[in-house]
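See below for the structure under consideration.
From a predicted model like this one, the values you see are computed outputs, not experimental measurements. All values below come from the heavy atoms of this structure, side chains included, with hydrogens, waters and symmetry mates left out.
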Amino acid sequence: MSGNVTYDRAAAEMRRPLSGRGDPALEMRELVRFATLAASSHNTQPWRFRISPEAITVLPDFTRRCPVVDADDAHLWKSLGCAAENLVQAAPALGYATTVFTDESAGGVTIHLERSASVKPSELFAAIPLRQCTRSVYDGRDLGLEPLKLLERSAEAPGVRLILLTTRTQMEAALEYVNSGNRIQLSDPAFRQELLSWIRFNPREALRTGDGLAGRTSGQPPLPRWLGKRMLRFVLTAKSQAATDARNLRSSSALAVFVSARDDKAAWIEVGRACERFALQATALGIRNAFLNQPIEVRSLRPQFESWLGLKGEKASLMVRIGYAPLAPYSLRRRLDDVLV
C-alpha cells in the first residue's frame with residue numbers, strides 16, 4: 001500500500017461520523033475528536049482536553065507553541081477558540097446543550113454540557129469533518145451577495161468584527177502587505193527554522209507525528225526529510241513565496257479580516273470561535289478558505305495594516321482568503337490519548 005493511500009485512510013478515519021450516543025464516556029471522547037478537527041497555526045494542534053462528568057475544558061499545550069511567528073501566543077489561543085467552537089457545534093448532535101466559560105486564570109475554555117431534548121445540530125456541525133485550509137489556487141468566481149451575508153453573520157461575536165475585502169483594488173493593496181511580511185519573515189533564520197520544524201515532507205513522517213504541514217495537503221511530492229530540508233533552502237524564498245501568494249490571492253474571491261476590540265486571551269479565544277464558525281459556514285456553502293496572516297504576524301507591519309484598514313483602537317487578528325476550489329487531501333490529527341489530560 002502506498003504512503004499516500006495509508007495517509008488518506010488515516011485522515012478519513014479521523015473524520016468518520018460522530019458516534020457513541022448513549023455511552024457518556026464514549027460521547028465525551030467523540031466530542032473531543034471533533035474538537036481536534038479545528039484549525040490551528042501550522043497545524044500545531046496546541047491543545048489538550050480535560051473531561052469531567054458535565055464539562056470538557058480546552059487547555060493550552062505550550063510545548064507546541066511557535067515563539068517566533070507567534071511570540072505572544074495569540075495564534076495559540078485563537079486555536080483553542082477554534083477547537084471550543086467545534087465542540088459547541090458538535091454537542092447538540094449527541095443531545096447536549098452547551099454553555100461556554102472562558103477563564104484566563106484557569107488557563108482555558110470550559111464547555112459545560114447539559115442533556116437537552118430540544119437541541120438540534122446546525123448545518124455547521126455537518127461541515128466539521130469537511131473543513132480544511134485549502135492552500136491551492138481558487139477559480140476566482142464571484143461569491144454572490146447571499147453567501148457573503150451568511151459568512152458575515154457566522155462571524156458575529158462580542159467584541160469581534162469582520163471586514164470583507166471584495167474589490168480587486170483592496171485585494172491588491174492587501175497583497176502588498178502580505179509580500180512585505182514574506183520578505184521580513186523569510187529573511188529571518190529563526191522563522192525559517194521554526195517553519196521547517198513543522199513541515200512533514202512525506203506521508204510516513206506525517207503519520208508518525210499526526211501534526212504539522214504535510215506536503216500531501218498541498219500536492220507536494222513525498223521526499224526524505226534530509227532531501228526536503230536541503231531543497232527547501234533554495235525553494236522557500238521571499239521571491240518564490242511572493243509569487244505563490246500573489247497567484248493564490250488573485251485567484252480568490254475575497255479576503256476576510258477578523259478584527260477584535262481587545263488584544264488579550266479572552267479576545268483571541270472569541271476570534272478563534274468566530275473564525276471557526278466562518279470556516280464551517282464557508283464549507284457548508286462549498287467555499288474554501290486559507291490563512292494569509294503575514295501582515296498581522298509581523299509586528300512592524302501590523303500598525304500600518306491596521307491603519308490601512310481604517311481601524312481606530314481595534315486590532316487586526318486574522319486574515320483569510322476565500323473562494324471556490326476542489327477539496328484537497330486533509331491534514332492529520334494526533335491520537336486522542338495524546339491530547340487528553
Are V119 and I111 connected in a single hydrophobic cluster, I mean Ile/Leu/Val/Met/Phe/Trp/Tyr linked by side-chain heavy atoms less than 4.5 Å apart?
no
Charged N to carboxylate O under 4.0 angstrom, R33 versus E30?
yes
Judged by modelled atom types alone, do N179 and D245 share a side-chain donor-acceptor pair under 3.5 Å?
no
Name all residues meeting the salt bridge (charged side-chain N to carboxylate O under 4.0 Å, His left out) criterion together with R65; count only those two or more places apart in sequence or in a different chain, and write none if there are none.
D73
Are the charged groups of E306 and R302 less than 4.0 angstrom apart, N to O?
yes
When hydrophobic residues are tied together by side-chain contacts of less than 4.5 Å, even through go-betweens, does L223 share a cluster with L195?
no
Salt-bridge test for R29 and D23: reply yes if a basic N is under 4.0 Å from a carboxylate O, no otherwise.
no
Looking at E172 and R250, is any side-chain nitrogen of the basic one under 4.0 Å from a carboxylate oxygen of the acidic one?
yes
Connected via hydrophobic side-chain network under 4.5 Å: L292 and V257:
yes
Out of curiosity, does L236 fall in the hydrophobic cluster containing W198 (side-chain heavy atoms, cut-off under 4.5 Å, transitive links)?
no
Any carboxylate oxygen within less than 4.0 angstrom of a Lys/Arg side-chain nitrogen, looking at E205 and R225?
yes
With a 4.5 Å limit on heavy-atom distance, are the side chains of I56 and L113 in contact?
yes
Using the ring pair (Phe, Tyr, Trp, His ring centres under 6.0 Å) criterion, which residues pair with F201? Sequence neighbours excluded.
none
I'd like to know if E276 and R131 make a salt bridge, using a cut-off of under 4.0 Å between side-chain N and carboxylate O.
yes
Starting from L145, walk the hydrophobic network (Ile, Leu, Val, Met, Phe, Trp, Tyr; side-chain heavy atoms closer than 4.5 Å) and list everyone else you reach, by chain and number.
none
Could you check whether E123 and Q281, counting side-chain N and O atoms only, form a donor-acceptor pair closer than 3.5 Å?
yes
Which residues pass the ring pair (Phe, Tyr, Trp, His ring centres under 6.0 Å) test with F278, sequence neighbours left out?
F258
Does the Lys NZ or Arg CZ of R288 fall within the cation-pi geometry relative to Y138 - under 6.0 Å from the ring centre and within 45° of the axis?
no
Is there a chain of hydrophobic side chains (I, L, V, M, F, W, Y, each step under 4.5 Å between heavy atoms) that links V160 to V100?
no
Could you work out, with ring pair (Phe, Tyr, Trp, His ring centres under 6.0 Å) as the rule, every residue matching Y177, not counting sequence neighbours?
F305, W308
Identify whether the distance between the nearest side-chain nitrogen and carboxylate oxygen of E13 and R333 falls below 4.0 Å.
no
Rounded distance (nearest 0.5 Å) linking atom CG of D61 with atom CG of L76
8.0 Å
For T167 and T169: C-alpha separation, side-chain torsions, deciding distance, then whether side chain to side chain donor-acceptor pair (under 3.5 Å) applies.
CA-CA 5 Å; T167 71; T169 300; 4.8 Å; no
Rest of the hydrophobic cluster containing Y330 (Ile/Leu/Val/Met/Phe/Trp/Tyr, side-chain heavy atoms under 4.5 Å)?
L130, L327
Sort out for me which residue in R64, Q45, H42 forms a side-chain hydrogen bond (donor to acceptor under 3.5 Å, both in side chains) with D211.
R64
